[in-house]
Amino acid sequence: MGQEEYESALLEDAVLVCQYGGIIRIVEVPDVTEEEERKVVDLTSWLKAYEGEPNASNGKTVTYSFEDRELLRAINPKIDWYSYEEQTEKNENCEEYLIGQEFIDQGKGVLVDQNERYWITLGPKVFNPVYPDNGKCEADEFKNFIGCRVDVVLQHMEDENKHIYIECVWSGNIKAHTFGNGIFQTGYPYENSSVADSQPYCEEYVNGSIVEFTGKDPKETGDMSDYIVDYLIVYPKSEE
């Protein structure tokens with residue numbers, strides 16, 4: 001075999017003329033180890049958030065009236081942004097829209113999906129801002145959103161410039177006791193919903209919650225109440 005000749009190695013900014021035509025140029029590839037990772041914020045031993053605000057370019061931003069929600073404190077001074085819906089598996093009314101999505105108990109009671117997003121329950125106007133007052137709050141009305149990703153963006157109560165966000169996924173369950181605004185809990189059920197008769201208005205339900213975590217209450221709140229929901233981001237399932 002004859003002795004082969006080799007060109008010397010190219011430096012980053014150098015170019016080389018290829019014997020078959022064209023120019024060979026070194027293109028710098030970013031070192032992935034140098035990419036900035038998202039900073040994790042542990043609100044509790046079971047609830048993980050990320051510092052800052054997410055890129056919502058392909059999602060829908062959902063806001064609500066801070067002022068109207070604050071009025072609930074006249075009834076219940078302990079209102080907060082979160083609550084819990086005791087559940088261990090998919091709601092049978094939503095199951096057909098959740099094919100391939102898992103409900104996993106990590107040992108703290110609250111359920112996550114296979115990507116460790118927290119399963120949550122939300123009000124009807126999160127998905128349909130013109131949802132009618134005579135709506136039934138049934139799963140079939142929201143089938144295009146069941147199982148979609150939702151980012152919950154929180155603002156610190158004492159520093160409006162400090163934001164964190166929690167990666168969630170909608171279980172398909174609907175917060176029917178949000179009548180009057182369709183997003184935060186007022187204690188009043190939608191009168192045509194399935195819970196209107198069995199769970200009518202009572203002060204216990206006036207908790208102002210926007211997000212209900214699916215599963216059992218882990219009885220651990222950590223720094224959760226230091227924040228308030230600033231806005232939600234809903235991502236269409238077709239873009240996931």
Side-chain angles (χ1 to χ4, degrees), residues 59-66 68-69 71-72 75-76 79-103 110-113 117-152 168-217 229 231-240:
K60 180 186 73 170
T61 299
V62 179
T63 60
Y64 65 98
S65 171
F66 288 86
D68 289 350
R69 183 174 175 274
L71 294 176
L72 297 178
I75 301 171
N76 180 4
I79 68 170
D80 220 318
W81 62 270
Y82 60 90
S83 58
Y84 304 90
E85 181 171 39
E86 187 164 336
Q87 187 178 332
T88 58
E89 56 189 14
K90 300 174 185 178
N91 183 318
E92 62 180 10
N93 297 316
C94 307
E95 190 170 4
E96 65 178 296
Y97 306 116
L98 296 169
I99 303 299
Q101 294 179 275
E102 301 176 17
F103 279 46
V110 172
L111 308 181
V112 298
D113 73 354
R117 283 181 168 266
Y118 302 93
W119 285 105
I120 58 174
T121 295
L122 296 166
K125 288 192 177 182
V126 171
F127 307 99
N128 179 4
V130 293
Y131 190 71
D133 289 346
N134 62 353
K136 296 182 178 181
C137 295
E138 293 181 344
D140 288 347
E141 299 176 279
F142 305 92
K143 58 186 179 182
N144 293 332
F145 291 97
I146 294 175
C148 73
R149 295 185 297 117
V150 179
D151 286 338
V152 178
C168 301
V169 57
W170 187 42
S171 67
N173 290 8
I174 301 165
K175 287 172 64 65
H177 284 85
T178 57
F179 185 79
N181 69 86
I183 295 178
F184 57 82
Q185 191 114 329
T186 61
Y188 290 96
Y190 277 77
E191 60 181 16
N192 290 324
S193 67
S194 61
V195 299
D197 292 332
S198 60
Q199 300 177 43
Y201 171 84
C202 72
E203 290 189 8
E204 181 184 352
Y205 299 148
V206 186
N207 60 30
S209 67
I210 295 171
V211 174
E212 280 188 18
F213 289 98
T214 302
K216 295 181 180 180
D217 183 350
V229 172
Y231 59 93
L232 308 172
I233 305 170
V234 177
Y235 300 91
K237 292 191 73 173
S238 60
E239 295 187 13
E240 295 179 1

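Keep in mind that this is a model prediction, so the values were computed, not measured.
Nearest approach of P124 to T178, heavy atoms of both residues: CD-OG1, 3.5 Å. Heavy-atom minimum distance, F103 versus T214: CE2-CG2, 4.4 Å. Residues A176 and V195 come closest through the heavy atom pair CB-CG2, 3.7 Å. Considering all non-hydrogen atoms of both residues, V110 and Y118 come closest at CG1-CD2, 4.1 Å. The nearest pair of heavy atoms linking G147 to L98 is CA-CD2, 3.5 Å. Nearest approach of S83 to N207, heavy atoms of both residues: CB-ND2, 4.1 Å.
Using a 4.5 Å heavy-atom cutoff, the side chains of F145 and N128 are not in contact. In this structure, I79 and R69 have side chains that are in contact, with non-hydrogen atoms separated by less than 4.5 Å. Side-chain contact between F142 and C94 is absent, with no heavy-atom pair separated by less than 4.5 Å. Between V211 and L122 the shortest side-chain heavy-atom distance falls below 4.5 Å. Inter-residue side-chain proximity for N91 and S171 is flagged as unmet; no heavy-atom pair is nearer than 4.5 Å. Put simply, the side chain of I174 does not reach to within 4.5 Å of the side chain of K136, judged on heavy atoms.
Using a distance-only test at 3.5 Å, with no hydrogens or angles considered, a donor-acceptor pair links the side chain of K237 to the main chain of I146. Remark: side-chain polar atoms of N76 are paired, donor with acceptor, to backbone N or O of V206 under 3.5 angstrom. One N or O on the side chain of K60 and one on the backbone of V126 form a donor-acceptor pair closer than 3.5 Å. Under a 3.5 Å cut-off, the side chain of T186 and the backbone N or O of F179 do form a donor-acceptor pair. Looking only at distances, a side-chain donor or acceptor of K90 sits under 3.5 Å from a matching main-chain atom of Q101. Checked by atom type and distance alone, the side chain of E212 never pairs as donor or acceptor with a backbone atom of K175 at under 3.5 Å. Judged by distance alone, with hydrogens and angles left aside, the side-chain atoms of Q87 form a donor-acceptor pair with the main-chain N or O of E89 at under 3.5 Å.
Exactly one of N181, V229, L232 qualifies for a side chain to side chain contact (heavy atoms under 4.5 Å, CB included) with Y64. That residue is V229. Only one option out of L111, I210, V152 pairs with I120 in a side chain to side chain contact (heavy atoms under 4.5 Å, CB included); it is V152. Put simply, the residue from F127, Y97, W119 that forms a ring pair (Phe, Tyr, Trp, His ring centres under 6.0 Å) with W170 is F127. Of the candidates Y201, Y190, Y205, Y205 is the only one forming a ring pair (Phe, Tyr, Trp, His ring centres under 6.0 Å) with H177.
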Problem - Derivation of the side chain to side chain contact (heavy atoms under 4.5 Å, CB included) call for Y131 and C137 - result: CA-CA 9 Å; Y131 190 71; C137 295; 4.2 Å; yes
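Surrounding CD of E191 are at most 12 heavy atoms belonging to other residues, nucleotides or ligands under 6.0 Å away. Atom OH of Y231 has more than 12 heavy atoms from other residues, nucleotides or ligands within 6.0 Å. The number of heavy-atom neighbours closer than 6.0 Å to NZ of K216, taken from other residues, nucleotides and ligands shown, is 12 or below.
Taking the six-membered ring for Trp and thresholds of 30 and 60 degrees, Y82 and F213 have ring planes inclined between 30 and 60 degrees apart.
The CD1 atom of I233 sits 5.0 Å away from the CG atom of D151 when rounded to the nearest 0.5 Å.
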